[in-house]
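To start, the structure itself, in structure tokens.
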Amino acid sequence: SSHFGSGLCPLNGRPCRFGTLAKHAQLAMEPTPSPKGLRRYDSSDFWDSWYARQEETPVEWSAQLNSTVMDSVKKVLAKLPAAEDGKKLVVCELGCGNSSFTLTLRDMGFEVIGVDFSREVITANKLRHPTIRWECADALKLDEVFRPESFDCIIGKTLLDCFMTRRDAPAAIRTLLEQCRAALKSHGMLIFLDKCSAYHAIGRGRSE
């Protein structure tokens, strides 16, 4: 799990830092009724409505992927085994939105599959970038769309940050990890790029 520094808070779309995000995430997980206007990111209807109002400019949640973060991502990807002759390693960007990250991964030489549970954004992505495979799927139900061991790597950018706002965050994150594990090949790798630390999400690990 990597810190981006300041950027767009996935809770309100405004500039924020990790401390602000953590405060919002804690608020969203309280058992009391949600404050008026608090967005529910576990709803595909919310994201369909949100993306329907956006222009074609890619939205980079949290912040642009700077060279430091990309260098860390490349180091992890470099540990994957070489692809078979005539094939490419398959990388899934989970919760892709309309970020340009999917295009970056494609340009790095991977076969990329962009996955999001907003049908609105997936439909738009198919029109903008028809040579890339886009799938509308719930991260908690990947097995309904993908066969076991489909991917060499799964990357989620700001995905855990959104999951941390759910009332059922611990259970949802566990299911997310189980689904990712099943969809990864035996050598597969899982990368999360978020403001929240690995310790806050899964109780162990470190931030870079």
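These figures come from a predicted structure and were not determined experimentally.
- Summarising the geometry of Leu176 relative to Phe163, their closest heavy-atom pair is CB-CE2, 4.2 Å, with the distance given to 0.1 Å.
- The two residues Gly114 and Cys96 make their nearest non-hydrogen contact at C-SG, 3.7 Å.
- Residues Ile155 and Leu105 form a side-chain contact, since some pair of their non-hydrogen atoms from C-beta on lies under 4.5 Å apart.
- Here the closest non-hydrogen pair linking Leu140 and Thr175 is O-CG2, 3.8 Å.
- Atoms CG and CG, on Asn98 and Asn125 in that order, are 6.5 Å from each other to the nearest 0.5 Å.
- Residue Arg119 is tested with Thr123, Ile122, Val121 for a side-chain contact (heavy atoms from CB on, under 4.5 Å); the sole match is Thr123.
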* To do: Go through the steps to decide whether Lys157 and Phe192 satisfy the test side chain to side chain contact (heavy atoms under 4.5 Å, CB included), and finish with yes or no.
  => CA-CA 6 Å; Lys157 178 175 178 285; Phe192 287 125; over 6 Å; no

* **Candidate pair Met189 and Leu80, rule side chain to side chain contact (heavy atoms under 4.5 Å, CB included), full reasoning** => CA-CA 8 Å; Met189 295 187 177; Leu80 290 169; 3.9 Å; yes

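- Although no hydrogens or angles enter the test, the distance criterion places a donor-acceptor pair under 3.5 Å between the side chain of Asp116 and the main chain of Gly97.
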* Passes salt bridge (charged side-chain N to carboxylate O under 4.0 Å, His left out), Arg147 versus Glu149? Steps please. -> CA-CA 6 Å; Arg147 293 182 177 181; Glu149 301 190 12; over 6 Å; no

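- A heavy-atom distance below 4.5 Å is found between the side chains of Leu177 and Leu190.
- Distance check, rounded to the nearest 0.5 Å: OG1 of Thr131 to CZ of Arg106 gives 5.5 Å.
- Looking only at distances, no side-chain donor or acceptor of Thr165 sits under 3.5 Å from a matching main-chain atom of Asp161.
- Residues Glu135 and Phe146 have side chains in contact (heavy-atom distance under 4.5 Å, counting atoms from C-beta outward).
- Between the side chain of Asn66 and the backbone N or O of Val69 there is at least one donor-acceptor pair closer than 3.5 Å.
- Asp152 places no side-chain N or O within 3.5 Å of a backbone atom of Leu89 that could act as its donor or acceptor partner.
- Across Lys185 and Ser150, no two heavy atoms sit closer than the pair CE-O, 4.1 Å.
- Here CG of Leu193 is found 9.5 Å from CG of Leu160. Values are rounded to the nearest 0.5 Å.
- Put simply, CD on Glu111 and NZ on Lys87 are 9.5 Å apart, with the number rounded to the nearest 0.5 Å.
- In this structure, Glu178 does not pair ionically with Arg181, as no charged nitrogen and carboxylate oxygen lie closer than 4.0 Å.
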* Should Ile132 and Leu103 be marked as a side chain to side chain contact (heavy atoms under 4.5 Å, CB included) after you check the CA-CA gap, both sets of side-chain angles, and the distance that decides it? -> CA-CA 9 Å; Ile132 294 177; Leu103 309 184; 3.4 Å; yes

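- Taking the six-membered ring where the residue is Trp, His129 and Trp134 present tilted rings, their angle falling between 30° and 60°.
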* Apply the test side chain to side chain contact (heavy atoms under 4.5 Å, CB included) to residues Ile191 and Cys153: give CA-CA distance (whole Å), side-chain angles for both, the deciding distance (0.1 Å), then the verdict. => CA-CA 8 Å; Ile191 304 174; Cys153 183; 4.0 Å; yes

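- To the nearest 0.5 angstrom, Ile113 atom CD1 is 11.0 Å from Thr102 atom OG1.
- Nearest heavy-atom pair across Phe110 and Lys88 is C-CD, 4.1 Å.
- In this structure, the side chain of Gln179 engages the main chain of Asp143 through a donor-acceptor pair within 3.5 Å.
- Within the 4.5 Å cutoff, no side-chain heavy atoms of Glu144 are placed close to those of Asp138.
- Heavy atoms only, all atoms of each residue included: Cys92 and Val115 are closest at SG-CG2, 3.7 Å.
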